[in-house]
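Structure record follows, encoded as structure tokens.
For the numbers below, each heavy atom of this structure counts, side chains included, while hydrogens, waters and symmetry mates do not. What you see is a predicted model, and the numbers here were worked out from it, not measured in a lab. In what follows, every chain begins at residue 1, and chains take the letters A, B, ... in the order their sequences are listed.
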Amino acid sequence: MAPLPPSTADRPAPGPAPRSWWRRNQIAITPWLFLAPGILFFAVYVLIPVFQSFNVSLYEWDGLGAAEYVGLRNYEEMYWDDAFYTSLKNNVIWLVLYLLAIPMGLAIALLLNQTVTGIRIYKSLFFFPFVISQVVVGLVFSWFYDPSFGLLNVMLGWFGAGPVNVLGDERWVTYGIIAAGLWPQTAYCMILYLTGLNAVDPEQIEAGRLDNARGFRMLWHIILPQLKPATFIAFVVTIIGALRSFDLISIMTGGGPFGQSRVLSFYMFEVALSEYGFRMGYGAAIAVVLFLIMLVFITYFLWSMYREERGR
Amino acid sequence: MFPAPIERASRPAQFAYQALIPAALVLWLLPLIAVAVFSIRPDADFANANYWGWPSSFEGISNYSKVFFESDMPRYLWNSVLITVPTVIGAVALSCMTGFALGIYKFRANLWIFFLFVAGNFVPFQILMVPVRDLTLDFGLYNTKTGLVLFHIAFQTGFCTLFMRNFIRALPYELIEAARVEGVAEWRIFWFVVLPLMKPAIAALAVLIFTFIWNDYFWAVVLTQGAESQPVTAGITSFNAQYRAAYHLMSAGSIVAALPPVAMFFLMQRHFIAGLTLGAVK
């Protein structure tokens, strides 16, 4: 933890006085000079706004006029707000179902982890839904689901199943949007696992084969433990992706029908910046709840990283 | 290698595998293929409810030239470029510096500052929305590309710092020590020793940030409004409102909007995947 590496000690005697102070403290000061612009930007636009939001949530404010201090009344309103609970419930569904991207990504990665000719092209083509913006994914899937001409209903028709209006039916709408979200997310997990599989130790596999482990047993006991770093990252990005879901809902349904596909991030936006009138305080209160949910995961992620750093 | 290489399997199994992969791919990309097919159909097909039959004529060129010459699409695309490119430059520049500071120097607050960047990067956007919008209004930058760029640079610095710091940590520390013994000033170590070694990280990060920012929708809606400053992700919704029910044009528009990051991905694939999977292997 010594700030000065020993090498500076045996340098020739320092030059004239004003320079020597800089010389002596250079290594202690330089990192702060390099950090200053980054920290400034990050503090102004990210760190301070988090606390400001906590503060705004205690006010009734339309974003323009004077803000009126209301204490915890926004939170009290939330407690009685059915729309809030619908959004919260949908957030939980998103979180749980979005995690399916991890095993699905692993399955595709296992399918594609071969060396036949042209496999690299296939890997990129399987991956590329992730590169498309969620706005376009949303549009593509809302046409795919369209009850009058969507491909989904054409295919259901082959099996004699009647047309389903996925996005217009409050029972199906959230699942339909999640399925659209799983498309790019699975691609992401796939690429993580493909990279992980590349680094799996071949000797351990051979040893496993000699011990007659194959198929699922091999996967579970020998491959998956080595894929742990990939699984951890897949888990992190999938959780964050699930809680950030906004674009798809906004594009595909606008929260409908009857607000049944809202999640907290979308409901917050609706309350603060759209037809509900500009209720910044209530919006901020919803955002605070979302933030606290995320904080549980952030703490866990940082804890895992901290243990890793200590272990080095 | 796991699963066992298919070359060791029997002939029929190999053949089945070779046939299975393209089929799975078509199924996987089906929604997208459908849109691509829509985008070359004529208007008349939609009027006659000929959605999935053979197109009555191929109007790809006329559909796409409508998108490029008769709509605001080129403007939105250009806005996206003007938002994305400065953000990439800014975020990469800032994080080269923060990454250097956190990766090379040992001081007490190091790990805490690093975790602050990482934690900030995971925060839900909504907790920032009201204050950032307010701040941007106060700066007089609401509905400008600059306002959007400044925010994006700041937010992306979190992820970029995580990336750069871990990359720099993996560099051989002896290089820096050797330079110090030679009496090289610290900023020169950054510029002449570390920065040249960071080229692959810079390339990977640039491609990733380009994609992230190009595809951003939330902040585009929160911080901008009209065709003069909105990027293409937000512009596509106004485009679709203008051509409501003209599915051939909406499909063509969507494909145009999605294309630049896709092109970027296929051109810079190696860097892109290296960036995305940093940390997926130990």
Give the ring-plane orientation class for A:Phe149 versus B:Tyr247, where under 30° counts as parallel, over 60° as perpendicular and anything between as tilted. perpendicular
Centroid-centroid distance, A:Phe34 to B:Trp187, less than 6.0 Å: no
Close side-chain approach of A:Tyr45 and B:Leu135, heavy atoms under 4.5 Å: yes
Show which side-chain atoms of residues 97-105 of chain B pair as donor or acceptor with protein atoms under 3.5 Å away, not counting sequence neighbours.
residue: B:Thr98; atom: OG1; partner: B:Leu94; partner atom: O; Å: 3.3
residue: B:Thr98; atom: OG1; partner: B:Ser95; partner atom: O; Å: 3.3
residue: B:Thr98; atom: OG1; partner: B:Thr161; partner atom: OG1; Å: 3.0
residue: B:Tyr105; atom: OH; partner: B:Glu186; partner atom: OE1; Å: 2.6

Taking side chain as C-beta onward, heavy atoms only, is A:Thr186 less than 4.5 Å from B:Trp28? yes
Engaged part of A:Val135 at the chain B interface, taking heavy atoms whose separation is under 4.5 Å: side chain
In this structure, is the centre-to-centre distance between the rings of B:Phe155 and A:Phe42 below 6.0 Å? no
Lys/Arg N to Asp/Glu carboxylate O, A:Glu309 vs B:Arg165, below 4.0 Å: yes
Measure A:Val50 against the heavy atoms of chain B and call it side chain, backbone, both or neither at under 4.5 Å. both
What part of A:Val236 gets closer than 4.5 Å to chain B, counting heavy atoms only: side chain, backbone, both or neither? side chain
I'd like a table of donor-acceptor pairs (distance under 3.5 Å, sequence neighbours excluded) in which one partner is a side-chain atom from residues 119-128 of chain B, with atom names and distances.
residue: B:Gln126; atom: NE2; partner: A:Ser265; partner atom: O; Å: 3.4

Minimal non-hydrogen separation, B:Pro131 against A:Pro49, with atom names: CG-O, 3.4 Å
Evaluate whether atom CZ of A:Arg209 has more than 12 neighbouring non-hydrogen atoms of other residues, nucleotides or ligands under 6.0 angstrom away. yes
Let me know if A:Ile223 has heavy atoms under 4.5 Å from chain B in its side chain, its backbone, both or neither. side chain
Which answer fits A:Val136, side chain, backbone, both or neither, if we ask what part of it has an atom under 4.5 Å from a heavy atom of chain B? side chain
Structural part of A:Phe232 lying under 4.5 Å from a heavy atom of chain B: neither
Non-hydrogen side-chain atoms of A:Ile251 and B:Tyr217 separated by less than 4.5 Å: yes
